[in-house]
Asker: 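Structure provided below as structure tokens; questions to follow.
These values consider heavy atoms only, across backbone and side chains, with no hydrogens, waters or symmetry-generated copies. Model, not experiment: these values are computed from the prediction.
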Amino acid sequence: MAIIVALAVAILGSATAYQLSKEKSKKRKYIIWGITTMVAIAPFLSFSIGLTYAIIVRNGWAALIMVYLFPVIFIMGLIMLLVGIFKEKGTESI
């Protein structure tokens with residue numbers, strides 16, 4: 001049940017970010033998706049992947065894979081946020 005709730009939160013966060021970034025500039029999209037990745041997607045997706053993997057291999061210690069997944073996904077979101085913050089306005093072409 002916890003896996004389903006974590007996936008639901010990640011999907012809900014993605015859907016919300018999609019709605020917020022629709023018809024916005026590239027700079028704004030990077031900022032919105034960076035924050036969403038760091039806050040909603042990274043923790044919940046790494047939790048659900050870690051628990052799913054632990055269930056598959058039948059070893060509770062295998063769930064610690066989320067300790068490695070969370071920083072990787074979080075840093076990807078941080079990079080997207082920083083690209084959005086430091087992107088120049090003149091380089092946009094929509």
Side-chain angles (χ1 to χ4, degrees):
M1 185 65 176
I3 297 170
I4 295 170
V5 171
L7 283 174
V9 171
I11 291 170
L12 182 67
S14 298
T16 304
Y18 174 75
Q19 289 296 326
L20 288 175
S21 66
K22 195 187 312 184
E23 298 178 5
K24 301 286 184 187
S25 66
K26 277 191 162 186
K27 180 176 176 140
R28 182 68 61 190
K29 285 182 183 183
Y30 277 123
I31 292 172
I32 291 171
W33 278 102
I35 292 171
T36 303
T37 302
M38 291 188 306
V39 174
I41 296 173
F44 296 107
L45 190 62
S46 65
F47 177 77
S48 63
I49 291 172
L51 285 186
T52 303
Y53 181 68
I55 290 170
I56 289 172
V57 298
R58 295 180 186 220
N59 185 357
W61 289 100
L64 289 177
I65 194 172
M66 69 181 82
V67 173
Y68 299 109
L69 286 175
F70 175 71
V72 170
I73 300 171
F74 187 86
I75 289 173
M76 289 185 338
L78 183 64
I79 289 170
M80 280 194 288
L81 177 66
L82 292 175
V83 166
I85 290 173
F86 294 115
K87 186 174 177 88
E88 295 180 15
K89 281 201 174 239
T91 61
E92 296 178 16
S93 60
I94 294 179

Asker: Less than 4.5 Å apart, any side-chain heavy atom of Ile55 and any of Ile3?
Answerer: yes
Asker: Can you tell me how far apart CG (Leu20) and CH2 (Trp33) are? Round to the nearest 0.5 Å.
Answerer: 9.5 Å
Asker: Would Leu45 and Leu7 satisfy side chain to side chain contact (heavy atoms under 4.5 Å, CB included), going step by step from the backbone distance to the final call?
Answerer: CA-CA 6 Å; Leu45 190 62; Leu7 283 174; 4.2 Å; yes
Asker: Considering all heavy atoms of both residues, which atom of Pro71 and which atom of Val67 are nearest to each other, and what is their separation?
Answerer: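 Heavy atoms only, the tightest pair is CD-O, 3.0 Å.
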Asker: Roughly how far, to the nearest 0.5 Å, is the CG atom of Leu51 from the CD1 atom of Ile4?
Answerer: 12.0 Å
Asker: What is the minimum heavy-atom distance between Thr37 and Met80, and which atoms define it?
Answerer: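 Distance-wise, the nearest heavy atoms are OG1-CE, 3.2 Å.
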Asker: Of all the heavy-atom pairs spanning Ala62 and Ala54, show the shortest one and how long it is.
Answerer: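 So the two residues come closest at CB-CA, 4.1 Å.
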Asker: Does the side chain of Phe70 reach to within under 4.5 Å of the side chain of Phe47, using non-hydrogen atoms?
Answerer: no
Asker: To the nearest 0.5 angstrom, please state how far the CG atom of Leu69 sits from the OH atom of Tyr53.
Answerer: 11.0 Å
Asker: Nearest 0.5 Å, please: how far is OG in Ser14 from CD in Gln19?
Answerer: 12.0 Å
Asker: Could you pull out the closest heavy-atom pair between Val39 and Phe44, with the gap in Å?
Answerer: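 Scanning both residues, the minimum pair turns out to be O-CE1, 4.2 Å.
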Asker: With no hydrogens and no angle check, is any side-chain donor or acceptor of Lys24 less than 3.5 Å from a backbone partner on Lys29?
Answerer: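 Such a contact is absent between Lys24 side chain and Lys29 backbone.
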Asker: CD1/Ile32 to CG/Leu81 distance, rounded to the nearest 0.5 angstrom?
Answerer: 11.0 Å
Asker: Against Tyr30, only a single residue in Leu82, Val83, Ile79 fulfils side chain to side chain contact (heavy atoms under 4.5 Å, CB included); can you say which?
Answerer: Val83
Asker: What's the shortest heavy-atom distance between Tyr68 and Val72, and which atoms?
Answerer: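 Taking Tyr68 first and Val72 second, the nearest heavy atoms are O-CG2, 3.3 Å.
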Asker: Is there a path from Ile41 to Ile65 through hydrophobic residues (I, L, V, M, F, W, Y) whose side chains come within less than 4.5 Å of each other?
Answerer: yes
Asker: If you round to the nearest 0.5 Å, how far is OG of Ser21 from CD1 of Ile31?
Answerer: 12.0 Å
Asker: Start with the C-alpha gap between Thr16 and Thr36, add the side-chain angles, then the distance that decides, and say whether side chain to side chain contact (heavy atoms under 4.5 Å, CB included) holds.
Answerer: CA-CA 9 Å; Thr16 304; Thr36 303; over 6 Å; no
Asker: Any non-hydrogen side-chain atom of Ile49 less than 4.5 Å from a side-chain atom of Met66?
Answerer: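 With C-beta onward as the side chain, the pair stays apart.
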